[in-house]
Amino acid sequence: QVQLVESGGGLVQAGGSLRLSCAASGRTFSWYAMGWFRQAPESEREFVATISWSGGRTYYADSVKGRFSISRDNAKNTVYLQMDSLKPEDTAVYYCAARRDARLFVDVEKYDYWGQGTQVTVSS
């Protein structure tokens with residue numbers, strides 16, 4: 001069982017930056033691939049980024065590539081999402097997710113554990 005708690009969301013102007021954190025419970029955090037997803041009002045939850053258990057592999061949605069960076073600190077049981085050059089269309093609730101697997105996944109249904117989400121609002 002893994003419990004995930006996101007933090008770091010807020011209101012920022014277009015072009016600004018935010019850093020999201022996701023703290024995980026449990027001693028086996030390093031066994032899990034981690035992902036960030038987002039959901040805007042009246043939209044489906046969509047993939048943002050994912051990182052392998054070791055942090056050696058990452059993958060991004062085209063919409064955030066070059067602007068967002070995912071990383072993890074297994075000693076702190078935490079995964080991060082650095083978001084730069086934010087746009088109004090990045091406004092959404094951001095969720096972190098976990099799956100005990102060595103592979104990377106972009107599909108919502110592949111992840112077993114989810115946080116409660118943190119709101120990110122980008123004003124124009």
Side-chain angles (χ1 to χ4, degrees):
Q1 187 78 10
V2 175
Q3 292 184 328
L4 306 172
V5 179
E6 302 96 334
S7 61
L11 174 64
V12 64
Q13 289 187 333
S17 298
L18 281 175
R19 188 195 196 201
L20 305 183
S21 299
C22 174
S25 65
R27 297 180 294 174
T28 59
F29 175 71
S30 60
W31 296 359
Y32 288 80
M34 301 297 295
W36 283 98
F37 292 76
R38 65 187 182 187
Q39 188 168 16
E42 301 182 1
S43 297
E44 294 186 352
R45 194 168 297 188
E46 65 174 11
F47 167 75
V48 175
T50 183
I51 188 167
S52 61
W53 64 272
S54 68
R57 290 176 291 139
T58 58
Y59 185 75
Y60 298 90
D62 287 343
S63 59
V64 306
K65 201 172 295 183
R67 300 188 298 121
F68 290 12
S69 177
I70 188 171
S71 62
R72 66 190 295 163
D73 185 339
N74 287 344
K76 296 182 178 180
N77 280 15
T78 302
V79 62
Y80 305 97
L81 185 67
Q82 178 66 42
M83 305 186 296
D84 299 320
S85 303
L86 282 161
K87 305 175 181 179
E89 51 264 42
D90 294 319
T91 295
V93 177
Y94 282 71
Y95 299 89
C96 71
R99 176 185 170 100
R100 185 170 172 174
D101 205 302
R103 296 167 292 177
L104 300 181
F105 297 92
V106 303
D107 299 315
V108 170
E109 59 269 21
K110 295 293 188 182
Y111 286 82
D112 302 311
Y113 303 100
W114 292 85
Q116 83 290 348
T118 185
Q119 176 70 48
V120 171
T121 303
V122 184
S123 63
S124 57

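The nearest pair of heavy atoms linking Ala92 to Ala40 is CB-N, 3.8 Å. Of all heavy-atom pairs between Leu20 and Gly9, the closest is CD2-N, 3.6 Å. Smallest separation of non-hydrogen atoms from Asp84 and Ser17: OD1-OG, 2.7 Å. A pairwise comparison of heavy atoms in Leu4 and Cys22 identifies CB-SG, 3.9 Å as the closest pair. Nearest heavy atoms, Ser30 versus Arg72: CA-NH2, 4.1 Å.
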Worked verdict on Ser25 versus Tyr113 for side-chain hydrogen bond (donor to acceptor under 3.5 Å, both in side chains) | CA-CA 11 Å; Ser25 65; Tyr113 303 100; over 6 Å; no
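Taking hydrophobic clusters as Ile, Leu, Val, Met, Phe, Trp and Tyr residues chained together by side-chain heavy-atom distances below 4.5 Å, Trp36 shares a cluster with Val64. Note on Leu81 and Phe47: separate hydrophobic clusters, where clusters join Ile, Leu, Val, Met, Phe, Trp and Tyr whose side-chain heavy atoms are under 4.5 Å apart, directly or indirectly. No single ILVMFWY cluster, assembled from side-chain heavy atoms under 4.5 Å apart, contains both Tyr111 and Ile51.
In this structure, Arg19 is positioned above the aromatic face of Tyr80, its NZ or CZ under 6.0 Å from the six-membered ring centre and within 45° of the axis.
Residues Arg67 and Lys87 meet the side-chain proximity criterion, which asks for heavy atoms closer than 4.5 Å. No side-chain heavy atom of Gln13 sits less than 4.5 Å from a side-chain heavy atom of Val122.
Checked against Thr121 for a side chain to side chain contact (heavy atoms under 4.5 Å, CB included), the options Val93, Val12, Leu11 give a single hit: Leu11. Partner of Phe105 under the side chain to side chain contact (heavy atoms under 4.5 Å, CB included) criterion, chosen from Asp107, Val108, Asp101: Asp101.
Atom CD of residue Glu6 and atom CD of residue Gln119 lie 12.0 Å apart, to the nearest 0.5 angstrom. If you take CD on Glu46 and CZ on Arg38, they are separated by 4.5 Å, rounding to the nearest 0.5 Å. Annotation: the span from Leu104 atom CG to Arg99 atom CZ amounts to 11.0 Å, rounded to 0.5 Å.
Every pair passing side-chain hydrogen bond (donor to acceptor under 3.5 Å, both in side chains) that includes a residue from residues 52-62 is listed here, sequence neighbours excluded: Asp62-Lys65.
Aromatic ring pairs are classed by plane angle as parallel below 30°, tilted from 30° to 60° and perpendicular above 60°; the pair Tyr94 and Phe68 is tilted.
Side-chain rings of Tyr95 and Phe37 stay apart, their centers remaining 6.0 Å or farther from each other.
Summarising the local packing, CH2 of Trp114 is surrounded by more than 12 heavy atoms from other residues, nucleotides or ligands at distances under 6.0 Å. More than 12 heavy-atom neighbours from other residues, nucleotides or ligands sit within 6.0 angstrom of CD on Glu109.
Side-chain contact, Asp73 with Thr78: no donor N or O sits under 3.5 Å from an acceptor N or O.
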